[in-house]
There are 2 protein chains.
Amino acid sequence: MFLSTTTNNLDAKGRVSVPSDFRAVVGDGAFDGIVLWPSFDGDYLEGGGLALMQEYLDSLETMDHYDEGRMALQRAIFAESRKLSFDSGGRVTLPKDLAEYAGLNGRATFVGLGRRFEIWSPESYESHIGDVRRLARENRNRLISLRRRNGSEGAR
Amino acid sequence: MFLSTTTNNLDAKGRVSVPSDFRAVVGDGAFDGIVLWPSFDGDYLEGGGLALMQEYLDSLETMDHYDEGRMALQRAIFAESRKLSFDSGGRVTLPKDLAEYAGLNGRATFVGLGRRFEIWSPESYESHIGDVRRLARENRNRLISLRRRNGSEGAR
DNA sequence: CCATGAAATCCCATGTTATCCCATATTGGG
DNA sequence: CCCAATATGGGATAACATGGGATTTCATGG
């Protein structure tokens, strides 16, 4: 599970250290690295491990093969994504176009969101989350009522 | 899993370098190469490894033997497909008719879409995906809601 | 059956850049 | 305070994409 928010340096070669606990999340041995793609929902990158990509693929496979919406999702995620391997220091080299898409300038903020994470420029993220606590408070009942509805959830 | 979008040169002999990570996807030892066919959904080629062809075959086998639609799919994919081996540099030689079908002119864009990939001319693909981000945004809830429905996902 | 020509396949070489390797600085926990 | 883990920076090497030529294979015609 991707948790926490961390800001690391993006060096002159385009390398950035992926937070070590994120690395642990995706490290299942088959592929040591992450998958990133430009979000279609804003100026940031989205990412995860191959397991997330498999989940998305399974989800897409339940839709009609050439359904327009499906194809759009598939292109926006799979065709746009980049598979980035870790170097010995746990860094990945961000392709220039991805760094530019997210407006990254020497620093990158990793935002853990459970199954996936996001990468923002620190300043963009700062202004994006300006009101996140107020919004969260306004929507807190949605979390609670979902738990009630699935009444047998139990504690993990 | 085929991921990313890469554009490589198509040389005077019709050879094009298949992106190395695509090569890794199909490299199960039995056959070092790809299978391509002209898409019936547009001016591009579709492709994958032998494993994909087996999946399609298994899927077709669940249909009635002489079902008209089945036969059409079978002909459009299997009868039209070409099995292309990699040379020592990981290239395949595109048959002229396939290159012409996709309007390829010196360059070919490989589009990874998970289980299969597509090959487009760069200009065609560029104009085709003009609105893909908007369409993906409009359809994003389809991806999310499917995950909710499969409620046993569990955290790592 | 044999000869020939065209196409497919194989082989070699080169330049660029992605990946690998090593070292140092910083940080957090015992 | 010390040590181990993590983040950071620089240089070297290997892999990948590209181009050209040689050899082998296959199809065709006599």
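The sequence lines fix the lettering, A, B, ..., with proteins before strands; numbering per chain opens at 1.
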Counting only heavy atoms from other residues, nucleotides and ligands, does the tally under 6.0 Å from [atom1] of [X] exceed 12?
| X | atom1 | value |
| --- | --- | --- |
| R134(B) | CZ | yes |
| D58(A) | CG | yes |
| E68(A) | CD | no |

> Do Y44(A) and S39(A) meet the criterion of a side-chain donor-acceptor pair at a distance under 3.5 Å?
Replying inline: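 Yes, a side-chain donor-acceptor pair sits under 3.5 Å.
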
> Heavy-atom contacts under 4.0 Å between residues 94-117 of chain B and DNA chain C, which residues?
Replying inline: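 The stretch gives none, as no residue of it lies under 4.0 Å from the strand.
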
> What parts of residues 8-16 of chain A reach DNA chain D, counting only heavy atoms under 4.0 Å away?
Replying inline: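 Heavy-atom cutoff 4.0 Å gives N8(A), N9(A), D11(A), K13(A), R15(A).
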
> When rounded to the nearest 0.5 angstrom, what distance separates CD in E126(A) from CH2 in W120(A)?
Replying inline: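 Interatomic distance, E126(A) CD to W120(A) CH2, rounded to 0.5 Å: 12.0 Å.
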
>> Can you tell me how far apart CG (L98(B)) and CD1 (I119(B)) are? Round to the nearest 0.5 Å.
In response: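 Those atoms lie 8.5 Å apart.
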
> Does the side chain of R133(A) come within less than 4.5 Å of E138(A)'s, by heavy atoms?
Replying inline: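 Contact flag for E138(A)/R133(A) side chains = no.
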
>> For chain A and DNA chain D, what are the first and last nucleotides along the strand, 5' to 3', with at least one atom under 4.0 angstrom from a heavy atom of the protein chain?
In response: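 First-to-last contact on DNA chain D, by the 4.0 Å heavy-atom rule, is dT6(D) to dG11(D).
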
> Atom CZ of R91(B) to atom P of dT14(C): distance rounded to whole Å?
Replying inline: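 Roughly 15 Å, once rounded to whole Å.
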
> In whole angstrom, what separates F86(B)'s CZ from dC11(C)'s P?
Replying inline: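 The answer, rounded to whole Å, is 17 Å.
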
> Hey, is R116(A) close enough to E118(A) for a salt bridge, meaning N to O under 4.0 Å?
Replying inline: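 Salt bridge present between R116(A) and E118(A).
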
>> Please determine whether residues V25(B) and L36(B) belong to a single hydrophobic cluster, defined as Ile, Leu, Val, Met, Phe, Trp and Tyr linked transitively by side-chain heavy-atom distances below 4.5 Å.
In response: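 Yes, it is one cluster - the side chains of V25(B) and L36(B) are joined through contacts under 4.5 Å.
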
> Taking for each residue the nucleotide of DNA chain C bearing the nearest heavy atom, is the 5' side occupied by S88(B) or by K83(A)?
Replying inline: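 This one resolves to S88(B).
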
>> Please report whether the ring centroid of F78(A) lies less than 6.0 Å from that of F2(B).
In response: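 No, the ring of F2(B) stays outside the 6.0 Å limit from the ring of F78(A), centre to centre.
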
